[in-house]
Structure formats: C-alpha cells, structure tokens
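What follows is a single structure, written as structure tokens, with notes after it.
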Amino acid sequence: MSIYQHYREEERPFIDQILSWMEQVERQYQPRVTDFLDPREQLIFRQLLGGQTELQWSLSGGTEKAERKRGIIAPLYDSITPGDFSIELLEATYPEKFVTLEHRDVMGSFLSLGIDRKKLGDISVGEGVIQLFTTSDITTYIRANLVVVKRAKVTWESVDPNRFRPEEVEWVTSETTVSSLRLDAIIKELYRMSRQQAAERIQKGLVKVNFKTVEDVSFQLAEGDLLSLRGMGRGKLAEVKGTTKKDKQRITLEKLK
C-alpha cells in the first residue's frame with residue numbers, strides 16, 4: 001500500500017521532502033528543520049513522524065498557540081530546545097493616527113520583496129505595532145529592505161517571543177454532515193449559502209485553500225485545511241470524523257467569529 005494514496009497529488013513533493021529528511025537524519029545523525037508549515041502540512045508532518053521509533057520530532061511557531069509552525073526531525077539522543085527552531089520575533093511601530101494597517105498590507109510588503117511565505121510565521125498587526133515570527137536567517141535582510149509598509153516607515157528590532165500579542169480571534173465550532181468533502185459542499189456549510197452560490201464564488205477565484213486560490217468546485221478537502229472566502233472571513237475543516245450509515249461524512253468546521 002502506497003503512502004501517497006492518503007494524500008493529494010500536489011502534496012507529494014512535501015511528503016517526499018519529509019521522507020528524505022527522515023532518511024538523512026537517520027543516516028547522518030544531524031537534525032533538520034522545516035520552514036513554517038500551515039496546519040495541513042503540520043498534520044502530514046505528524047502523521048509521517050508519528051510512528052517512528054528511531055527519530056524524535058517537535059513543532060514550534062515561537063509561541064504555544066501559533067498557527068504556523070516549524071518542524072524539527074532529530075536523532076533520539078538529541079535534546080530539542082526552543083533555540084533549535086531558529087525563530088525570531090521582529091517588531092516595528094507605525095503611526096496609527098495617520099495610517100491604518102491590516103494583516104494583508106504587511107503580508108503584501110513581504111511578498112513584494114520576494115520573501116517566501118514559508119519563511120514567515122504568525123503575524124500580528126494593531127495598535128500601532130507590527131509583530132511577526134520569521135526564520136533567523138532572513139532577519140538581517142528584512143531590517144535592511146522592508147523599511148516602508150503602506151506609506152508607514154518602519155524599523156524592525158528583535159524582541160522576546162513572550163512579547164507577542166496575538167490578534168484577538170474567536171473560532172466558532174459546528175458539527176455537520178456532508179455528502180462529500182468537495183470544496184463547494186464545505187463552503188456551502190461553512191458560510192451558510194446555497195451550493196450554487198458557493199460554486200460561483202469558487203469559480204470567480206474568491207476562495208483560497210491553505211492560502212492558495214482554488215477555482216475547482218470539486219477540489220477534495222482534507223482534515224486540517226484552512227479556508228477563506230473573500231469578504232466573509234476564514235474557516236477550517238477541523239476534523240473528519242468518519243461516515244454515517246447513509247455514507248455521509250461527519251465533520252467539524254471552525255469559522256472565525
């Protein structure tokens with residue numbers, strides 16, 4: 001039985017990378033650290049490493065409740081410490097009275113510099129302060145090159161991760177059954193609309209799955225997938241619990257309030 005049959009075709013390169021690193025760690029006795037992983041990738045990481053008896057692993061995003069986290073694969077005799085993740089918290093202030101910044105403004109500024117999203121962890125924006133977790137290897141580049149965010153001049157400094165102020169969010173949980181894990185079926189339930197309305201929004205490019213636009217209404221979702229519909233907030237396929245006697249999928253959904 002192939003391990004790939006449990007995952008999407010587009011997830012194979014990520015799976016291959018983790019399997020390759022596992023082999024390298026066993027052979028070379030050197031730990032490996034991933035980039036920041038989204039919740040779906042973290043789930044795959046845990047599933048691939050969960051049954052290992054010759055390796056140890058851990059996940060960290062700089063703070064306990066981080067959404068995006070880096071993974072470490074290490075030999076059993078190693079001790080994994082917070083410093084091994086090479087995560088830094090950068091902070092900058094901006095004049096809130098004169099400019100309004102949102103999460104997307106900060107993200108857009110980073111991406112415009114050619115910085116890969118995988119190098120960035122959780123971001124917090126508000127009350128005149130921008131905070132973000134990033135990998136230690138690019139902090140010097142960020143300080144030197146990201147000096148303006150939406151007309152606001154910024155100067156970055158590394159601060160204690162315990163100073164991170166996560167944005168106030170509240171997830172509302174609901175349980176339901178669906179005929180399948182198709183994207184249009186889940187969007188229908190998550191945002192309380194008709195199947196046709198869900199399909200129209202997907203086809204217009206308004207829906208993202210794990211931060212990537214998906215226009216295929218029949219795209220098959222999986223446990224841990226993050227969803228967003230432009231103008232209607234974010235959601236998550238938190239859990240797939242199995243099938244009912246009528247062959248429907250029992251699922252748990254979460255949506256930002």
Side-chain angles (χ1 to χ4, degrees), residues 11 13-50 52 54-93 103 106-125 129-147 149 154-167 210-212 224 226:
E11 292 172 336
F14 174 71
I15 294 169
D16 288 341
Q17 179 69 86
I18 298 302
L19 293 175
S20 174
W21 283 0
M22 290 165 59
E23 182 181 346
Q24 290 175 23
V25 172
E26 282 192 281
R27 187 175 65 250
Q28 301 172 0
Y29 306 105
Q30 294 291 326
R32 297 302 300 260
V33 187
T34 73
D35 287 325
F36 282 99
L37 309 178
D38 63 40
R40 171 64 182 168
E41 291 170 329
Q42 292 170 41
L43 177 65
I44 296 173
F45 181 87
R46 289 195 297 268
Q47 289 174 340
L48 294 178
L49 272 297
Q52 293 296 311
E54 302 299 322
L55 299 170
Q56 61 172 317
W57 59 273
S58 185
L59 290 159
S60 175
T63 182
E64 184 177 348
K65 296 183 179 180
E67 179 178 86
R68 297 176 61 79
K69 298 178 180 180
R70 301 189 81 179
I72 283 183
I73 307 170
L76 278 179
Y77 57 79
D78 271 10
S79 57
I80 299 174
T81 67
D84 294 330
F85 290 93
S86 297
I87 296 173
E88 288 191 39
L89 177 60
L90 293 182
E91 181 178 278
T93 59
H103 188 283
V106 177
M107 182 60 64
S109 295
F110 274 94
L111 298 181
S112 69
L113 287 179
I115 296 175
D116 195 312
R117 180 69 178 91
K118 291 183 176 295
K119 293 292 185 179
L120 303 176
D122 285 12
I123 298 174
S124 175
V125 184
V129 178
I130 306 170
Q131 294 180 317
L132 65 101
F133 285 104
T134 185
T135 57
S136 300
D137 59 317
I138 65 168
T139 54
T140 300
Y141 180 81
I142 291 172
R143 290 195 188 99
N145 293 278
L146 189 57
V147 295
V149 177
V154 294
T155 301
W156 300 94
E157 63 174 328
S158 294
V159 298
D160 189 324
N162 291 323
R163 284 176 53 175
F164 185 68
R165 302 183 302 184
E167 297 174 356
N210 297 327
F211 309 105
K212 298 177 183 176
L226 286 178

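One is the number of the first residue; the rest follow in order along the sequence.
When all heavy atoms of T139 and S136 are compared, the pair lying nearest together is OG1-O, 3.1 Å. Closest heavy-atom contact between V106 and V125: CG2-CG2, 3.6 Å. Between I72 and F85 the shortest heavy-atom distance is CG1-CE2, 3.6 Å. Nearest approach of S109 to V149, heavy atoms of both residues: OG-CG1, 3.6 Å. Looking at every heavy atom in both residues, S79 comes nearest to D84 through O-OD2, 3.6 Å. Closest non-hydrogen pair, G224 versus P39, comes out as O-CB, 3.7 Å.
Expressed to the nearest 0.5 Å, how far CD1 of I130 lies from NE2 of H103 amounts to 11.0 Å. Between T134 atom OG1 and D122 atom CG the span is 12.0 Å, to the nearest 0.5 Å. If you take CD on E64 and NZ on K69, they are separated by 8.0 Å, rounding to the nearest 0.5 Å. Going from atom CG of L55 over to atom CG of L76 covers 6.5 Å, rounded to the nearest 0.5 Å. Atom-to-atom distance recorded for E41:CD and Q17:CD is 11.5 Å, nearest 0.5 angstrom. For the atom pair D116 CG and L111 CG, the distance stands at 8.5 Å (nearest 0.5 Å).
The salt bridge (charged side-chain N to carboxylate O under 4.0 Å, His left out) search around E157 returns none, not counting sequence neighbours. Listed by chain and number, the residues in a side chain to side chain donor-acceptor pair (under 3.5 Å) with T155 amount to none (sequence neighbours excluded). Among residues two or more places apart in sequence or in another chain, the salt bridge (charged side-chain N to carboxylate O under 4.0 Å, His left out) test is passed with R46 by none. In this structure, the side chain to side chain contact (heavy atoms under 4.5 Å, CB included) partners of D137, at least two apart in sequence or on a different chain, are K119, T135. Contacts of E54 classified as salt bridge (charged side-chain N to carboxylate O under 4.0 Å, His left out), with partners at least two apart in sequence or in another chain: none. Residues passing the salt bridge (charged side-chain N to carboxylate O under 4.0 Å, His left out) test with R32, sequence neighbours excluded: none.
Contact annotation: the side chain of R117 approaches that of R68 to within less than 4.5 Å [non-hydrogen atoms, C-beta and beyond]. Side-chain atoms of F45 and I73, non-hydrogen and from C-beta on, do get closer than 4.5 Å to each other. At least one side-chain heavy atom of M107 sits less than 4.5 Å from a side-chain heavy atom of L120. Looking only at side-chain heavy atoms (C-beta outward), F36 and R70 come within less than 4.5 Å of each other. Between I115 and I142 there is a side-chain heavy-atom pair separated by less than 4.5 Å. A 4.5 Å side-chain heavy-atom check between L90 and R143 finds at least one atom pair inside the cut-off.
Between the Q30 side chain and the V25 main chain, no donor and acceptor come within less than 3.5 Å of each other. Side chain of S124 to main chain of Q131: no donor-acceptor pair is present (N/O by atom type, distance under 3.5 Å, no hydrogens or angles). In this structure a side-chain-to-backbone donor-acceptor pair under 3.5 Å is present from W156 to L146. Looking only at distances, no side-chain donor or acceptor of E23 sits under 3.5 Å from a matching main-chain atom of S20. With Q42 contributing its side chain and E67 its backbone, the two residues share a donor-acceptor pair below 3.5 Å.
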Please determine whether side-chain contact (heavy atoms from CB on, under 4.5 Å) holds for the pair I18 and I44, giving the CA-CA distance in whole Å, both sets of side-chain angles, and the decisive distance to 0.1 Å.
CA-CA 9 Å; I18 298 302; I44 296 173; 6.0 Å; no
W21 and T34: CA distance, side-chain angles, deciding distance, side-chain contact (heavy atoms from CB on, under 4.5 Å) verdict:
CA-CA 9 Å; W21 283 0; T34 73; 3.5 Å; yes
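F14 does not carry R40 over the face of its six-membered ring by the limits of under 6.0 Å from the centre and within 45° of the normal.
Note: F164 and F133 have tilted aromatic rings, judged against thresholds of 30 and 60 degrees for the angle between ring planes.
Sparse packing is recorded around OH of Y29, with 12 or fewer heavy atoms of other residues, nucleotides or ligands lying under 6.0 Å away.
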